[in-house]
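One structure coming up, written as structure tokens, with questions to follow.
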Amino acid sequence: MSIALSEQEIIRRESLQKLRELGINPYPAEAFDVTAWAQDINDNFEANPDKYKQVVIAGRIMTRRIMGSASFAEIQDSTGRVQIYIKRDDICPGEDKTLYNTVFKKLLDIGDYVGIKGYVFLTQTGEISVHTEELIVLSKSLKPLPVVKREDDGTIHDGFTDPEMRYRQRYVDLTVNPEYKNIFINRSKVISSMRNYFNAQGWMEVETPILQPVHGGAAARPFATHHNTLDMGLFLRIANELYLKRLIVAGFDGVYEFGKMFRNEGMDRTHNPEFTAMEIYVAYKDYIWMMAMVEECLETVAKAVHGIPVVHVGQHEINFAGPYEKLSMYDSILKYTGIDVSAMDEEGLRKVCADLAIEVDASMGKGKLIDEIFSAKVEHNLIQPTYITDYPIEMTPLAKKHRTKDGLVERFELFVNGKEIANAYSELNDPIDQRERLEEQLILAGRGDDEAMAMDDDFLRALEYGMPPTSGLGIGIDRLVMLMTNQSTIQEVLFFPQMRPEKKAKAPSIEDFTNIGVPAEWVPVLNKMGFNTVEELKAGNPNKVFNDLGGMRKKLKLDITMPVKETVMAWFE
RNA sequence: GACUUGGUAGCUCAGCUGGUAGAGCAACUGACUCUUAAUCAGUGGGUCGAGGGUUCGAACCCCUCCCAGGUCACCA
């Protein structure tokens with residue numbers, strides 16, 4: 001809480017006080033029954049004017065054009081903006097014109113919530129407007145919103161564009177830039193259409209632990225935390241895969257979860273430390289089956305958002321209708337580099353990396369080296385949905401060995417627009433094989449790979465009881481939403497992307513002041529008066545400081561006790 | 001983490017070679033009964049991201065730091 005109020009904030013607080021003095025509660029408790037919305041009025045009034053002879057709307061005042069005893073304003077609700085017309089003598093039929101002259105013209109501001117009762121009509125210039133018969137204050141805004149001006153042709157003036165402020169104050173962003181709400185509406189459609197599709201297949205939505213004693217199911221650095229009562233370390237999950245498989249062991253045929261995952265790694269336009277993943281496991285299926293399911297699912301999602309399976313992303317038209325192109329990992333490298341790495345050992349792969357100028361380090365095993373080559377040379381070429389299949393066993397400890405190809409596993413990743421958005425296996429259900437594979441991960445960890453997977457004995461115990469053949473799939477929801485909404489940064493599809501803490505508006509040590517007897521609540525006032533250090537204060541004139549404190553208290557409408565003069569004098573001793 | 005661009009009024013931004021901090025919108029006072037980026041007249045509003053340095057003098061030059069964007073690196 002800052003006491004250093006701007007001029008406009010002080011004026012709004014004064015307006016708030018004056019509203020109360022007029023007997024108007026600026027924050028009424030009663031429900032306000034809204035009967036009409038801006039978009040509906042704008043879309044349907046002209047075709048059906050009789051329906052709009054008595055409407056009640058509510059929203060924020062976003063613009064005002066006052067012309068003496070008549071005014072226009074725009075009210076923004078959750079659906080858009082509609083113009084209202086206010087005539088003084090209509091809302092103030094008697095002698096008392098306070099509601100118009102004082103409340104509307106002086107005490108209300110841009111950003112305030114009001115309720116409007118009236119009828120819809122067409123102005124002389126043809127704009128659909130609500131003729132106001134009653135004006136009700138619903139909530140007073142104390143901070144001025146940025147004023148973004150829009151012309152009829154869509155030209156924007158003084159846009160609120162600073163990404164730092166947009167992300168830190170998303171509530172302001174979406175208020176003054178309501179077009180961004182569509183991204184989040186579409187995000188919701190992506191998730192709900194996918195959920196509906198899964199439910200229609202008879203699969204069950206579940207929840208699994210976010211706090212996990214062992215971080216398994218993926219290769220990533222975790223966030224560590226601690227439970228006090230149990231006095232034990234816990235990790236925020238980097239994946240939920242191993243828990244969902246336990247549920248397949250438990251006897252469910254299909255389980256899925258939309259959930260937040262947490263990875264303690266770098267941040268950029270495709271990575272946020274917490275992100276949303278969807279994982280689904282279906283018993284008695286394999287990764288071939290899963291490819292067809294993903295095609296059907298993503299086509300459903302694209303249609304839910306756009307009505308058609310074709311999505312415009314950057315320069316590309318991406319078609320989510322299946323079937324998608326399939327390319328094995330080795331074939332894709334062959335296709336885009338001309339090099340056949342399928343039979344190479346680690347040494348050969350290192351040489352290929354050196355020839356292609358790909359940076360590697362000593363901790364990388366064979367699988368990791370192949371992945372490096374793929375990332376550097378293939379990935380960005382995969383624009384239309386493409387399955388990359390049959391990964392080397394070394395980089396995939398949780399997938400079943402390939403049914404015919406030695407050294408490979410039954411895995412695919414789906415690439416769209418050069419980015420991975422889904423990953424699926426025929427899940428490894430051989431408990432002995434699984435134990436060996438996790439032990440190999442421990443060896444990688446020993447070589448310095450700090451992302452190698454950890455051993456999870458309880459998961460292995462579950463497998464030993466027996467897991468049916470199962471196919472599993474993970475989809476990065478944020479990246480899918482980026483695709484479906486044509487956004488190039490993850491921040492734009494997250495309401496509250498992770499940010500560094502805002503710097504405190506320079507807090508000259510409060511303790512320094514309290515140590516000489518200044519009450520803590522008065523320190524910011526002294527700062528506002530220009531005394532940022534005790535030394536500066538002591539150089540001042542005690543009598544003037546005392547008088548000015550009273551002045552500031554009045555000016556800033558502070559509800560704190562004025563210190564007596566002797567107290568103030570003591571600060572200077 | 002590296003490089004790079006930026007941080008000036010509530011918002012969007014100017015600010016030349018170092019010489020008294022500016023505009024538009026918003027706010028305030030006033031005029032105006034169909035405006036719509038309303039208009040007209042007037043007024044107030046600043047820790048120039050923070051701290052140090054150079055200088056007679058710093059928004060501007062130098063150093064350190066903070067925050068954000070971009071590019072790259074890292075990263076299923």
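First the proteins, then the strands, lettered A, B, ... as listed; each starts at 1.
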Discussion item. According to side-chain contact (heavy atoms from CB on, under 4.5 Å), who are the partners of A:Lys401, at least two apart in sequence or on a separate chain?
Written reply: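 By the side-chain contact (heavy atoms from CB on, under 4.5 Å) rule, A:Lys401 matches A:Ile393, A:Asp433, A:Arg437.
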
Worksheet item: Is the phosphate of B:G30, meaning OP1 or OP2, less than 4.0 Å from a side-chain N or O of A:Lys106?
Response: yes

Worksheet entry | With sequence neighbours excluded, residues passing salt bridge (Lys or Arg N to Asp or Glu O under 4.0 Å) with A:Glu274 | A:Lys260

Worksheet entry | Under 4.0 angstrom between A:Arg500 side-chain N/O and B:C66 OP1 or OP2 |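 No, no such contact exists.
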
Worksheet, complete the sentence: From the candidates B:U71, B:A37, B:A27, the one with an atom nearest any side-chain atom of A:Arg269 is B:U71

Worksheet item: Near RNA chain B, which residues from residues 476-491 of chain A have a heavy atom under 4.0 Å away?
Response: A:Thr489, A:Gln491

Discussion item. Counting only side-chain heavy atoms from C-beta out, which of B:C32, B:U36, B:G69 sits nearest to A:Pro163?
Written reply: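 Nearest listed nucleotide: B:G69.
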
Worksheet item: Which residue pairs pass the ring pair (Phe, Tyr, Trp, His ring centres under 6.0 Å) test when at least one of the two sits in residues 159-180 of chain A, sequence neighbours left out?
Response: none

Worksheet item: Below 3.5 Å, does any donor atom in the side chain of A:Thr123 face an acceptor in the base of B:U35, or the other way round?
Response: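 Pair found.
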
Item to complete: Mind telling me whether A:Tyr52 and A:Phe45 have parallel, tilted or perpendicular rings, with 30° and 60° as the class edges?
Response: perpendicular

Item to complete: Taking atom types as modelled, find out whether A:Tyr113 and A:Arg60 have a side-chain donor-acceptor pair closer than 3.5 angstrom.
Response: yes

Discussion item. So, does A:Ser69 get its side chain near the phosphate of B:U33, meaning an N or O under 4.0 Å from OP1 or OP2?
Written reply: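 Yes, within the criterion.
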
Discussion item. Can you list everything that forms a side-chain contact (heavy atoms from CB on, under 4.5 Å) with A:Lys245? Sequence neighbours excluded, please.
Written reply: A:Glu241, A:Tyr281, A:Leu398, A:Glu427, A:Phe459, A:Met467

Worksheet entry | Test ring-ring contact (aromatic ring centres under 6.0 Å, His included) applied to A:Tyr119 - qualifying residues, sequence neighbours left out |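 Once residues adjacent in sequence are excluded, the partners of A:Tyr119 under the ring-ring contact (aromatic ring centres under 6.0 Å, His included) criterion are A:His131.
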
Fill in: Nucleotide paired to B:G6 in any strand shown, Watson-Crick or G-U, under 3.5 Å
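Its partner is B:C67 (Watson-Crick or G-U wobble, both distances under 3.5 Å).
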
Discussion item. My understanding is that only residues two or more places apart in sequence, or in another chain, count here; which of them pass salt bridge (Lys or Arg N to Asp or Glu O under 4.0 Å) with A:Arg269?
Written reply: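 By the salt bridge (Lys or Arg N to Asp or Glu O under 4.0 Å) rule, A:Arg269 matches no residue at all.
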
Worksheet item: With no angle test and no hydrogens, is the base of B:C25 tied to the side chain of A:His157 by a donor-acceptor pair under 3.5 Å?
Response: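 Looking at the base of B:C25, it does not pair with any donor or acceptor on the side chain of A:His157 (distance under 3.5 Å).
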
Worksheet entry | With A:Glu133 via salt bridge (Lys or Arg N to Asp or Glu O under 4.0 Å) - residues at least two apart | none

Discussion item. With the threshold set at under 4.0 Å for non-hydrogen atoms, list the residues of residues 142-150 of chain A touching RNA chain B in residue-number order.
Written reply: A:Pro144, A:Pro146, A:Val147, A:Lys149, A:Arg150

Worksheet item: Taking N and O atoms by type only, does the side chain of A:Gln83 place a donor or acceptor under 3.5 Å from a partner on the base of B:U35?
Response: yes

Practice prompt. Identify which nucleotide among B:C34, B:C28, B:G69 has an atom closest to any side-chain atom of A:Asp109, counting heavy atoms from C-beta outward.
Written response: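 Given the options B:C34, B:C28, B:G69, the side chain of A:Asp109 is closest to B:C28.
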
Worksheet item: With respect to the side chain of A:Ile11, which nucleotide from B:G30, B:U36, B:C28 is positioned closest?
Response: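 So the side chain of A:Ile11 is nearest to B:C28.
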
Discussion item. Does the structure show a Watson-Crick or G-U wobble partner for B:C75, both distances under 3.5 Å? Name it, or say none.
Written reply: none

Item to complete: Taking only the side-chain heavy atoms of A:Lys105 (C-beta and beyond), determine which of B:A38, B:C32, B:U33 contains the nearest atom.
Response: B:C32

Item to complete: Name the closest nucleotide to the A:Gln124 side chain, picking from B:A26, B:C34, B:A68.
Response: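 It is B:C34.
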
